[in-house]
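Notes follow the structure.
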Number of protein chains: 2
Amino acid sequence: MISTRTSQPDVIAALEDAGLRITGQRRQVVAAIERRDVGFSAEDIAGELEGVGRATVYRTLKLLVKADVICKLVLPDGTPMYSPSRLEHHHHSVCTSCGAVEEFRDTTVERVLRSLTREIEGEIVGHRMEVFIRCRSCLDSSSS
Amino acid sequence: MISTRTSQPDVIAALEDAGLRITGQRRQVVAAIERRDVGFSAEDIAGELEGVGRATVYRTLKLLVKADVICKLVLPDGTPMYSPSRLEHHHHSVCTSCGAVEEFRDTTVERVLRSLTREIEGEIVGHRMEVFIRCRSCLDSSSS
DNA sequence: AAGTTATTGATAGTAAGTATCAACTATCAA
DNA sequence: TTGATAGTTGATACTTACTATCAATAACTT
Ligand SMILES: [Zn+2]
Ligand SMILES: [Zn+2]
Ligand SMILES: [Zn+2]
Ligand SMILES: [Zn+2]
């Protein structure tokens with residue numbers, strides 16, 4: 001039910017399917033993303049990829065968000081953060097200490113969000129939900 | 001149960017209680033906020049209040065967020081938006097066309113968020129949740 | 001009224017992008 | 001294989017939303 005995704009060839013295929021050209025720069029950005037495990041910023045990628053222009057990094061990240069390959073989320077202080085997208089429909093928990101991002105699906109959450117039509121006037125067109133945590137390893141290392 | 005708040009004297013008193021000085025600039029920012037009904041940006045206020053420095057507007061808004069007098073939320077494209085806070089504990093629905101913000105409380109939402117401890121590793125320290133809508137009046141005016 | 005200390009505002013700087021546009025190149029059709 | 005064509009790139013400049021500095025100013029305190 002919960003399908004996992006994301007791996008170089010798939011991503012490239014997804015871009016092709018969207019009618020986009022497969023360029024060396026886009027391959028580099030995709031590869032850089034797949035080397036990361038915790039959330040990252042656009043500048044992280046731009047800094048790492050010396051051979052790719054900043055503008056291209058931002059453009060590619062936006063493309064990948066639209067293609068549902070990565071997620072863009074917002075930390076409590078408003079800072080944006082990117083993270084690979086691995087589940088179909090999901091929300092995120094983000095560790096505010098180390099930036100570790102976990103995706104989760106919860107049918108109850110989705111049901112409740114749908115049921116909000118009773119309390120909210122107008123037509124619901126989307127939502128954002130992020131849960132901020134201190135992850136297990138950050139808790140462990142701070143209780144020393 | 002759902003207490004309503006926010007009105008000049010109360011806000012000023014709240015700032016005083018926090019040990020802050022009541023300056024002309026802060027009064028002006030508070031007054032400007034109370035004249036607004038839909039969500040607003042810091043620049044909206046700064047532009048309206050010619051006699052108050054931009055930095056002071058930003059500083060005061062931050063203060064008011066901390067004092068729980070206004071809420072800061074984030075639109076789908078990442079743009080921040082401020083809105084007066086009128087309910088004790090709540091979330092927001094935001095019209096993506098006109099910026100109208102409604103606050104709502106939903107016990108089910110709160111219960112579900114608490115129950116997420118079962119699915120999420122680590123200690124939950126906070127969350128963000130916004131529901132994006134097309135409000136009644138925007139729907140009506142576009143179906144002409 | 002005077003003293004202390006928070007507050008202010010002009011200026012400059014940062015973070016996260018976006019707009020421009022000429023140069024470049026992936027893809028396709030011949 | 002080679003063009004032609006249209007998508008893509010990168011340097012630069014600009015934008016939005018702030019934050020840091022710090023001397024000048026004004027609010028509370030007594
Ligand atoms: Zn995700
Ligand atoms: Zn959802
Ligand atoms: Zn609110
Ligand atoms: Zn509306």
Side-chain angles (χ1 to χ4, degrees), chain A residues 9 11-33 39-67 69-83 94 99 128, chain B residues 11-33 39-67 70-83 94 99 128:
Chain A
V11 173
I12 298 301
L15 293 181
E16 267 176 338
D17 292 351
L20 297 167
R21 290 184 181 171
I22 308 309
T23 66
Q25 290 91 332
R26 288 180 179 164
R27 283 181 193 282
Q28 288 184 70
V29 171
V30 170
I33 286 169
F40 55 89
S41 69
E43 292 298 327
D44 287 342
I45 304 296
E48 177 183 336
L49 265 35
E50 281 302 325
V52 182
R54 267 169 38 85
T56 297
V57 169
Y58 279 97
R59 282 188 290 237
T60 305
L61 289 180
K62 181 177 266 193
L63 239 52
L64 293 175
V65 168
K66 204 177 307 177
V69 170
I70 58 177
C71 299
K72 183 178 183 176
L73 31 120
V74 183
L75 300 187
D77 69 354
T79 308
M81 175 180 246
Y82 297 87
S83 166
V94 188
R128 184 209 315 284
Chain B
V11 173
I12 299 301
L15 293 181
E16 265 175 339
D17 291 352
L20 297 166
R21 291 183 180 173
I22 308 308
T23 66
Q25 290 91 331
R26 286 178 181 167
R27 283 181 192 283
Q28 289 184 68
V29 171
V30 170
I33 286 169
F40 55 89
S41 69
E43 294 297 327
D44 287 342
I45 304 296
E48 177 183 336
L49 266 35
E50 281 302 326
V52 182
R54 270 166 39 83
T56 298
V57 170
Y58 278 98
R59 281 188 289 237
T60 305
L61 289 180
K62 181 177 267 191
L63 240 51
L64 294 175
V65 168
K66 204 177 305 176
I70 58 177
C71 300
K72 183 178 185 177
L73 30 120
V74 183
L75 299 187
D77 70 354
T79 308
M81 175 180 245
Y82 297 88
S83 167
V94 188
R128 183 207 316 283

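Sequence lines set the chain letters: A, B, ... in the order given, protein chains first and strands last, and positions in each chain run from 1.
- Atom CG of B:Leu61 is separated from atom C1' of D:dA17 by 12 Å (rounded to the nearest Å).
- Using a 4.0 Å heavy-atom distance criterion, B:Ser41 is classed as making no nucleic acid contact.
- A straight line from CG of A:Leu63 to P of D:dG7 spans 13 Å, rounded to a whole angstrom.
- The span of DNA chain C lying next to chain A, judged by atoms under 4.0 Å from heavy atoms, is bounded 5' to 3' by C:dA16 to C:dT27.
- Of the two residues contacting DNA chain D, namely B:Tyr58 and B:Leu20, the nearest-nucleotide position lying further toward the 5' end is that of B:Tyr58.
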Self-check item: Footprint string (nucleotides 22-27 of chain D, 5' to 3'): B base within contact, S backbone only, - free, heavy atoms under 4.0 Å
Solution: ----BB
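- Looking at heavy-atom distances under 4.0 Å, A:Arg54 makes contact with a base.
- Per the geometry, CZ belonging to A:Arg27 stands 15 Å off C1' belonging to D:dT8, to the nearest Å.
- Applying the salt bridge (Lys or Arg N to Asp or Glu O under 4.0 Å) definition to pairs two or more places apart or across chains, those involving residues 48-57 of chain B are B:Arg35-B:Glu48, B:Arg36-B:Glu48, B:Glu43-B:Arg54.
- A donor-acceptor distance shorter than 3.5 angstrom exists from the side chain of B:Arg128 to the backbone of A:Val74, with no hydrogens or angles considered.
- Over its full length, the helix from C:dA1-D:dT30 to C:dA30-D:dT1 turns its helical axis through 40°, comparing axes from the five pairs at each end and rounding to 10°.
- Remark: B:Glu43 in residues 42-53 of chain B come within less than 4.0 Å of DNA chain D through at least one heavy atom.
- Here D:dG7 presents its P atom at 18 Å from NZ of A:Lys62, a figure rounded to the nearest Å.
- Applying the side chain to side chain contact (heavy atoms under 4.5 Å, CB included) rule to B:Arg59 yields the partners B:Ala55, B:Thr56; only residues at least two apart in sequence or on another chain are considered.
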